[in-house]
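Since the structure comes first, as structure tokens, the remarks are kept for the end.
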Amino acid sequence: MLRTTFTALSLVFLVIAGCGPAGPKTVPVTGTLLHNGAPVEGVSVTFLSGEGNRVATGITDAAGKFSLKTVVGTQMLEGAVPGEHKVGVAKTTSEGGLDETIAGESQQEMVNRMAGAPVDTSKIKQTFVIPKKYNSPEYSGLTATVTESGPNNIELTTSGK
């Protein structure tokens with residue numbers, strides 16, 4: 001009896017130890033984004049798997065380079081799932097919001113203004129650094145193939161104002 005229990009527990013521990021992290025199989029994905037031939041820092045890059053059930057994201061650095069991570073529950077897995085992906089890239093700037101300082105205004109006056117005033121969104125001007133048409137993976141027209149064997153160094157190019 002003791003031997004059977006020990007053997008059963010050993011098998012359970014072996015199975016648990018061999019399972020590895022939960023979640024889909026991902027592979028490393030890096031790349032470069034150029035907009036109008038130049039790198040852009042701070043662009044959000046989103047890969048949507050062909051089945052539409054996995055999203056991998058990354059942010060470009062000053063050289064336009066990015067690496068992707070896939071969110072699964074509370075885990076961040078390196079890379080993306082293999083297969084075909086629709087790709088979206090987005091970066092906007094805004095001005096005229098409540099966080100801007102008015103000339104001569106003290107920090108306390110700014111806090112009071114921000115806390116007490118309703119937000120007037122009509123004064124906020126949003127500018128698309130990367131044209132709006134590229135924002136959604138569903139409609140951007142950008143695609144990428146991620147392979148299990150790699151290397152997955154994806155080159156993305158956008159253009160326009």
Side-chain angles (χ1 to χ4, degrees), residues 1-99 114 119 121 124-161:
M1 175 76 171
L2 182 60
R3 185 177 200 166
T4 305
T5 303
F6 178 75
T7 302
L9 284 175
S10 295
L11 286 173
V12 168
F13 285 121
L14 283 172
V15 168
I16 291 172
C19 284
K25 176 179 176 38
T26 59
V27 294
V29 177
T30 59
T32 305
L33 169 74
L34 297 178
H35 178 64
N36 291 332
V40 180
E41 184 174 13
V43 176
S44 173
V45 178
T46 304
F47 278 44
L48 177 64
S49 69
E51 295 79 35
N53 62 351
R54 292 290 174 210
V55 175
T57 62
I59 303 290
T60 61
D61 65 13
K65 305 242 181 247
F66 62 89
S67 61
L68 298 180
K69 293 187 183 209
T70 298
V71 179
V72 178
T74 59
Q75 292 183 314
M76 293 288 286
L77 304 178
E78 291 294 326
V81 295
E84 295 297 318
H85 293 261
K86 295 177 181 177
V87 179
V89 294
K91 181 175 181 179
T92 60
T93 60
S94 61
E95 52 188 60
L98 288 176
D99 59 342
M114 290 173 64
V119 177
T121 57
I124 298 174
K125 180 184 175 198
Q126 184 176 32
T127 303
F128 289 89
V129 177
I130 303 294
K132 187 177 181 178
K133 70 179 182 178
Y134 294 110
N135 287 191
S136 169
E138 289 290 342
Y139 305 110
S140 72
L142 299 173
T143 60
T145 302
V146 174
T147 63
E148 281 192 51
S149 60
N152 292 298
N153 189 18
I154 310 294
E155 302 295 323
L156 299 171
T157 303
T158 60
S159 62
K161 289 185 175 191

Val129: which residues meet the side-chain contact (heavy atoms from CB on, under 4.5 Å) condition with it, sequence neighbours left out?
Val40, Lys91, Thr93
With Lys86 via salt bridge (Lys or Arg N to Asp or Glu O under 4.0 Å) - residues at least two apart
Glu138
Applying side-chain contact (heavy atoms from CB on, under 4.5 Å), name anything that partners Pro39, two or more places apart in sequence or on another chain.
Leu34
Minimum heavy-atom separation for Phe66 to Leu33, with atom names?
CE2-N, 4.2 Å
Counterpart residues, side chain to side chain donor-acceptor pair (under 3.5 Å), relative to Lys65 (two or more places apart)
Thr32
Of Leu77, Leu48, Val72, the residue whose pairing with Arg54 passes side chain to side chain contact (heavy atoms under 4.5 Å, CB included)
Val72
Heavy-atom closest pair, residues Thr147 and Pro82:
C-CB, 4.5 Å
So, using salt bridge (Lys or Arg N to Asp or Glu O under 4.0 Å) as the criterion, who are the partners of Glu41 when residues are at least two apart?
none
Partners meeting side chain to side chain donor-acceptor pair (under 3.5 Å) with Thr145 (sequence neighbours left out):
Glu84
When you measure from the side chain of Asn36 to the backbone of Gly160, do you find a donor-acceptor pair of N or O atoms at a distance under 3.5 Å?
yes
Sequence neighbours left out, what passes side-chain contact (heavy atoms from CB on, under 4.5 Å) with Thr157? Give chain and number order.
none
Please tabulate, for side-chain N and O atoms in residues 23-31, each donor-acceptor pair with protein atoms closer than 3.5 Å (sequence neighbours left out).
residue: Thr26; atom: OG1; partner: Glu78; partner atom: O; Å: 2.7
residue: Thr30; atom: OG1; partner: Asn153; partner atom: OD1; Å: 3.4

Just by modelled atom types, is the Leu142 backbone N or O under 3.5 Å from a matching donor or acceptor in the His85 side chain?
no
Ile59 and Gly42: which non-hydrogen atoms are nearest, and at how many Å?
CG2-CA, 3.8 Å
Going by the rule side-chain contact (heavy atoms from CB on, under 4.5 Å), which residues pair with Thr46 if we only count those two or more places apart in sequence or in a different chain?
Ser44, Val55, Thr57, Pro137
Sorted by chain and number, sequence neighbours left out, side chain to side chain donor-acceptor pair (under 3.5 Å) with Ser159 holds for none
Could you give all pairs that pass the salt bridge (Lys or Arg N to Asp or Glu O under 4.0 Å) test and reach residues 149-161, with sequence neighbours left out?
none
Side chain to side chain, Val81 and Val146, heavy atoms closer than 4.5 Å
no
For Thr92, what residues pass the side chain to side chain donor-acceptor pair (under 3.5 Å) criterion, not counting sequence neighbours?
Gln126
Heavy-atom nearest pair, Thr70 first then Gly79, reads OG1-O, 2.7 Å
